[in-house]
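Only one structure is covered here, and it is reproduced in the block below.
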Amino acid sequence: MELKGNKGEWSEIYIFFKLLSDGKVYAADKDMKKIRDKFLNIIRIIREEIKGKKYSYYTGEKIKIKLNENEIATVDCSKISNYKNKVWDMIVSSTETTFTNKDVTDFLESLNITKLKSPAEKSNDFFGGTQDIVLETQDYRSGINQIMGFSCKSDIDAGATLFNASGDNTNFEFKVTGKISEKIMEEFNSLVNSQGHTAVGKRMKFLRDKNLDVEFINPVGDIARENLITCCGTEMPKIIGGMLKYYFYECRGEKTDVKDCLNYLAANDFAGYEFKNNYDTYRVRIENLLYSMFTGLRFGKKWNGRSDVNGGYIVVKKDGDVVAYHSCIADEFKDFLLEKLRFETPSCTRHKCMEIYKKDGEYFIKFPLQFRFSIKTSGKVRYDDFKENVLYVADNNDI
């Protein structure tokens, strides 16, 4: 058997070995620093590569392996730790897109692991609809055991979104105000970039140059509006409207972190709180929104306000350590989401947005909502200088 994969796929095996040998995973703060007094004890790791064949790997000095609750083998924890180091060396030293190691793959086969990615079965019980690693954990505070699914994928800043645009479900309508005409509308809608795609920056600059402004009206979808109110109160649609105005109109769709819009929201008081020092009020609302998106909030179907997931992210740090962001430790997780998310513009053609249209004699435009993670890697990972670089592992969540 030859298992061949890329850095992200081998990272899942590294995480498997690391958690199995450590027997616990620590929570992290917004800067990915380990919180020493907050952790989950790991009872076992569960893999089900083939439906109906559930392998459980129990932590301890002797790793017990069970197939459907029947013990079939044991292996020394020190051996797991040794192969963990071999996998890490593979990851940080490889210059190939995909790579393998016969010694490692033979050892994996002895553990009944025949795939780098597991489980393959889709499950809506975990974040994102799929889970890359499933753990039975024990909470350090309550002692309660719980099975949790964590998401593990590489290159978080290139591929992971918390919340994807989904047509009109995630569009927000704004009224264009000022001296506008059909001629201006047509000129605006004709602005494209060199590839023929919607030129968001040019269009926003055009609006400002024409002394035109935008005024938030409502989410396009009724379900989106209802879900936002369920999430954070009647003011939440206006808060989202303010965030989108800041990103598109004020920042012209250029890179904007979610946290950057807080001062703008507070200064303009989009929710109409009408009291001073409202920064923290807006911060709490946005953190609750992001957390709700993580735990199941969507705009295409009615949401009951309950969490649909109990897992989180596993992150591999530059020194090979592994930390977690999970729903059991909500405050640190919310800080992480606020700190690491940015706005993103999806395909305007696909999602039918960023064009001015006329309705009942007035002019309107739709702004789309999408959040992507922005965690910076510092370059290509190499064996000799991996301490200066980062390999990130997280999830991509599709609506």
- What about Ile286 and Phe275, same hydrophobic cluster or not, with Ile/Leu/Val/Met/Phe/Trp/Tyr joined at side-chain heavy-atom distances under 4.5 Å? yes

- Is Lys4 close enough and on-axis enough to Phe99, meaning under 6.0 Å and within 45°, for cation-pi? no

- Message: Please check this pair: side chain of Thr198 against backbone of Val200, looking for a donor-acceptor N/O pair closer than 3.5 Å.
- Response: no

- Query: Do Arg283 and Leu338 have side-chain heavy atoms sitting under 4.5 Å apart?
  - Reply: yes

- Task: Answer with yes or no whether the side chains of Tyr357 and Glu173 bring together a donor and an acceptor at under 3.5 Å.
- Result: yes

- Return the minimal non-hydrogen interatomic distance between Asn68 and Gly52, and the atom names on each side. ND2-O, 3.1 Å

- Query: Between Met148 and Phe150, is a side-chain contact (heavy atoms from CB on, under 4.5 Å) present by the stated rule, with each step listed?
  - Reply: CA-CA 7 Å; Met148 307 177 72; Phe150 286 84; 3.7 Å; yes

- Item | Shared hydrophobic cluster for Leu3 and Val104 (ILVMFWY, side-chain gaps under 4.5 Å) | yes

- Message: How close do Asn227 and Leu297 get, counting heavy atoms only, and between which atoms?
- Response: CB-CD1, 3.6 Å

- Message: With a 3.5 Å distance limit and no angle check, can you tell me whether Glu9 reaches the backbone of Asn6 through a side-chain donor-acceptor pair?
- Response: yes

- Look at the side-chain heavy atoms of Ile, Leu, Val, Met, Phe, Trp and Tyr, link any pair under 4.5 Å apart, and say whether Tyr273 and Tyr279 land in one connected group. yes

- Query: Does some side-chain heavy atom of Ile43 sit less than 4.5 Å from a side-chain heavy atom of Thr59?
  - Reply: no

- Note on the structure: Note: Lys102 and Thr105 closest approach over all heavy atoms is O-OG1, 3.0 Å

- Please answer whether the main-chain N or O of Met293 pairs with a side-chain N or O of Arg298 as donor and acceptor at a distance below 3.5 Å. yes

What pairs of donor and acceptor atoms, side-chain ones from residues 343-356 against any protein atom, are under 3.5 angstrom apart with sequence neighbours left out?
from, atom 1, to, atom 2, distance (Å)
Glu344, OE1, Gln370, NE2, 2.4
Glu344, OE1, Arg372, NE, 2.9
Glu344, OE1, Arg372, NH2, 3.1
Glu344, OE2, Arg372, NE, 2.5
Thr345, OG1, Tyr247, OH, 2.8
Ser347, OG, Arg350, N, 3.2
His351, ND1, Gly167, N, 2.9

- Return yes if a side-chain donor-acceptor contact under 3.5 Å exists between Asp103 and Tyr83, otherwise no. yes

- Message: Count I, L, V, M, F, W, Y as connected when their side-chain heavy atoms are under 4.5 Å apart, and connections chain through other members. Are Ile180 and Tyr249 then in the same cluster?
- Response: yes

- Between Thr100 and Glu2, is there a donor-acceptor pair closer than 3.5 Å when you use the side chain of the first and the backbone of the second? no

- Query: Is a side-chain N or O of Asp260 found less than 3.5 angstrom from the main chain of Asp257, in a donor-acceptor match?
  - Reply: yes

- Is a donor on one side and an acceptor on the other found under 3.5 Å between the side chain of Ser110 and the backbone of Phe107? yes

- Message: Any heavy-atom pair between the side chains of Ile133 and Leu19 that's under 4.5 Å?
- Response: yes

- Message: Is there a side-chain contact between Asn304 and Thr230 in this structure, where contact means two heavy atoms from C-beta onward sitting under 4.5 Å apart?
- Response: no

- Do Arg203 and Leu207 touch side chain to side chain, with heavy atoms closer than 4.5 Å? no

- Item | Main-chain N/O of Gly178 paired to Asp213 side chain as donor or acceptor, under 3.5 Å | no

- Compute whether any side-chain donor of one residue and acceptor of the other, for Glu250 and Tyr264, lie under 3.5 angstrom apart. yes

- Looking only at heavy atoms, the pair that brings Lys64 and Glu71 closest together is CD-OE1, 3.8 Å

- Task: Measure from NZ or CZ of Lys24 to the centre of the six-membered ring of Phe39 and say whether it is under 6.0 Å with the direction within 45° of the ring axis.
- Result: yes

- Message: Donor-acceptor check, side chain of Ser21 to backbone of Lys18, threshold 3.5 angstrom: yes or no?
- Response: yes

- Task: Report yes or no: do Phe248 and Phe364 belong to one cluster of Ile/Leu/Val/Met/Phe/Trp/Tyr joined by side chain heavy-atom distances under 4.5 Å?
- Result: no

- Asp269/Tyr282 under side chain to side chain donor-acceptor pair (under 3.5 Å): CA gap, chis, key distance, verdict: CA-CA 9 Å; Asp269 195 17; Tyr282 283 99; 2.6 Å; yes

- Task: Quick one: do Phe367 and Val214 satisfy side-chain contact (heavy atoms from CB on, under 4.5 Å)? Show the steps, please.
- Result: CA-CA 10 Å; Phe367 290 163; Val214 294; 4.3 Å; yes

- If we only count heavy atoms from C-beta on, is the Ile240 to Pro219 side-chain gap below 4.5 Å? no

- Hey, does Ile144 have a side-chain heavy atom less than 4.5 Å from the side chain of Gln138? no

- Message: Walk me through whether Val220 and Phe299 qualify under side-chain contact (heavy atoms from CB on, under 4.5 Å).
- Response: CA-CA 10 Å; Val220 173; Phe299 285 0; over 6 Å; no

- Message: Within this structure, what is the CG-CD1 distance for the pair Leu212 and Ile184, rounded to the nearest 0.5 Å?
- Response: 5.5 Å

- Item | Nearest-0.5 Å distance, NZ of residue Lys301 to CD1 of residue Ile223 | 10.5 Å

- Message: I need the single residue from Ile217, Ile365, Leu244 that forms a side chain to side chain contact (heavy atoms under 4.5 Å, CB included) with Phe172. Which is it?
- Response: Leu244

- Output for pair (Phe336 CZ, Tyr325 OH), nearest 0.5 Å, gives 5.0 Å

- With the threshold set at 4.0 Å, does a side-chain nitrogen-carboxylate oxygen contact exist between Glu12 and Lys117? yes

- Message: For Ile13 versus Arg47, what's the shortest heavy-atom pair and its separation?
- Response: CD1-NH1, 4.4 Å

- In Å, rounded to the nearest 0.5 Å, how long is the span from CG of Leu111 to OH of Tyr57? 6.0 Å

- Polar side-chain atom of Asn101 near backbone of Met90 as donor-acceptor pair, under 3.5 Å: no

- Could you state the interatomic distance from CG (Leu135) to CG (Leu40), rounded to the nearest 0.5 Å? 8.0 Å

- Query: Is the Lys NZ or Arg CZ of Lys340 less than 6.0 Å from the centre of Phe373's six-membered ring, within 45° of the axis?
  - Reply: no

- ring-ring contact (aromatic ring centres under 6.0 Å, His included): pairs with one or both residues in residues 196-229, sequence neighbours excluded: Phe174-Phe216

- Item | Test log, rule side chain to side chain donor-acceptor pair (under 3.5 Å), inputs Thr114 and Glu109 | CA-CA 6 Å; Thr114 60; Glu109 188 174 15; over 6 Å; no

- Evaluate the side-chain contact (heavy atoms from CB on, under 4.5 Å) criterion for residues Ser11 and Ile91: first the C-alpha distance (whole Å), next the side-chain angles of each, then the deciding distance (0.1 Å), finally the verdict. CA-CA 7 Å; Ser11 296; Ile91 292 170; 3.9 Å; yes

- Query: Under 6.0 Å from the six-membered ring centre of Tyr14 and within 45° of its axis: does the NZ or CZ of Lys7 meet both?
  - Reply: no

- Side-chain donor/acceptor of Tyr55 to backbone N/O of Ile45, under 3.5 Å: no

- Rounded distance (nearest 0.5 Å) linking atom SG of Cys77 with atom CG of Leu20: 6.5 Å

- By salt bridge (Lys or Arg N to Asp or Glu O under 4.0 Å), which residues pair with Lys334, not counting sequence neighbours? none

- Query: Does Trp303 reach the side chain of Cys231, with side-chain heavy atoms less than 4.5 Å apart?
  - Reply: yes

- Query: Considering all heavy atoms of both residues, which atom of Tyr26 and which atom of Arg36 are nearest to each other, and what is their separation?
  - Reply: CE2-O, 3.2 Å

